[in-house]
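Here is the structure we will look at, set down as structure tokens.
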Amino acid sequence: KNCHIFMIKNHLLEKSVTAFEFGGDILYGICITYHELQVLTDYKGNKHNIVAPVCFCLLTRYPFFQLHMDFLHALLSIQQTERLKRLVESKEINLENHIITDMSHINVGPHQVKGCINLIQKYYHAGVPKRGQKIQINLLNTKIIFHRPIGQGADIDILLANYCCLLAYHNLQAIDLIQLLECALKEYKIIIVSENLALTTSAVLSFVPLLHPLTWTGVILPILPQHL
């Protein structure tokens, strides 16, 4: 529920040989949202603990969705472990009011945590696996393994099918799926509404592999602002 993906087109993006097979000028966004403890000071100078939503987003040319999700989850796990360690060691906790009076040395980003920096470097230098190959990233207790699938057709269709279709169709009845496919083949306008961004984006993007070898010629917008 706290993860979703999207696609954007960038005409200024330089095309590389490896990226061309995935669309070249398409960027894939993988996002994870979570809630983070913050301390705010009101106009009277009183401090209050609040929980605020935070979103981490990764933009990439390569639609290895599960790999990117595993990487973001591992990154956040290392960050949260470091924050918890600093919180336990902190002397800024007011036990009487259950208030953390100073979060400046606790609210650290991934760029401030050595384990996160090492993981990012390993991830960056892991390279792009060929079809049928796997990559493995090891760091302390973190292990990320990704197998690039082998199949007929474009990689994007296979990767979207593996990631999006399983999530989307797990929540749909067979009759609903048939009706949606009928609407798509007739090129009807389709709007999917849900408070679950992971389900919404997966359902929308699942139409790409579902229609293969046909191609949806209209606009695909996995996410729209609330006012639209």
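Computed from a predicted model, the values in this text were never measured in an experiment.
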With a 3.5 Å distance limit and no angle check, can you tell me whether [X] reaches the backbone of [Y] through a side-chain donor-acceptor pair?
X: Asn2; Y: Thr33; value: yes
X: Thr81; Y: Ser77; value: yes
X: Ser194; Y: Asn196; value: yes

Residues at least two apart in sequence or cross-chain that pass side chain to side chain contact (heavy atoms under 4.5 Å, CB included) with Ala126, listed by chain then number, are Ile135, Ile137
With the 4.5 Å side-chain cut-off for hydrophobic clustering, are [X] and [Y] part of the same group?
X: Ile145; Y: Ile30; answer: no
X: Leu211; Y: Ile178; answer: no
X: Leu181; Y: Leu214; answer: yes
X: Val128; Y: Ile144; answer: yes

Within a radius of less than 6.0 Å around CD1 of Ile191, do more than 12 heavy atoms belonging to other residues, nucleotides or ligands occur?
-> no
Does any non-hydrogen side-chain atom of [Y] lie less than 4.5 Å from one of [X]?
X: Phe207; Y: His212; result: no
X: Cys31; Y: Phe6; result: yes
X: Thr200; Y: Pro222; result: no
X: Met7; Y: Leu27; result: no
X: Met69; Y: Ile32; result: yes
X: Leu221; Y: Val204; result: no
X: Val208; Y: Trp216; result: no
X: Arg148; Y: Gln133; result: no

I need the minimum non-hydrogen distance between [X] and [Y], along with the two atoms involved.
X: Thr201; Y: His4; value: OG1-CB, 3.5 Å
X: Leu205; Y: Cys164; value: CB-SG, 4.0 Å
X: Gly127; Y: Pro129; value: O-CD, 3.6 Å
X: Cys3; Y: His73; value: SG-NE2, 3.5 Å
X: Gln80; Y: Tyr34; value: NE2-CE1, 3.4 Å
X: Pro110; Y: Gln79; value: CD-NE2, 3.7 Å

So CD1 of Ile190 and CD of Gln179: to nearest 0.5 Å the spacing works out to 11.0 Å
List in chain and number order the residues that pass side-chain hydrogen bond (donor to acceptor under 3.5 Å, both in side chains) with [X], two or more places apart in sequence or in another chain; answer none if no residue qualifies.
X: Ser206; result: Tyr169
X: Gln66; result: Asp70
X: Gln136; result: Asn138

Return all side-chain donor-acceptor pairs below 3.5 angstrom for residues 115-123, not counting sequence neighbours, or 'none' if the list is empty.
{"unit_1": "Asn118", "atom_1": "ND2", "unit_2": "Lys114", "atom_2": "O", "d": "3.4"}
{"unit_1": "Tyr123", "atom_1": "OH", "unit_2": "His68", "atom_2": "ND1", "d": "2.3"}

Taking the six-membered ring for Trp and the single ring otherwise, decide whether the centroids of Tyr28 and Tyr62 are under 6.0 Å apart. no
Hits for salt bridge (Lys or Arg N to Asp or Glu O under 4.0 Å) against Glu182, two or more places apart or cross-chain, chain-then-number order -> Lys186
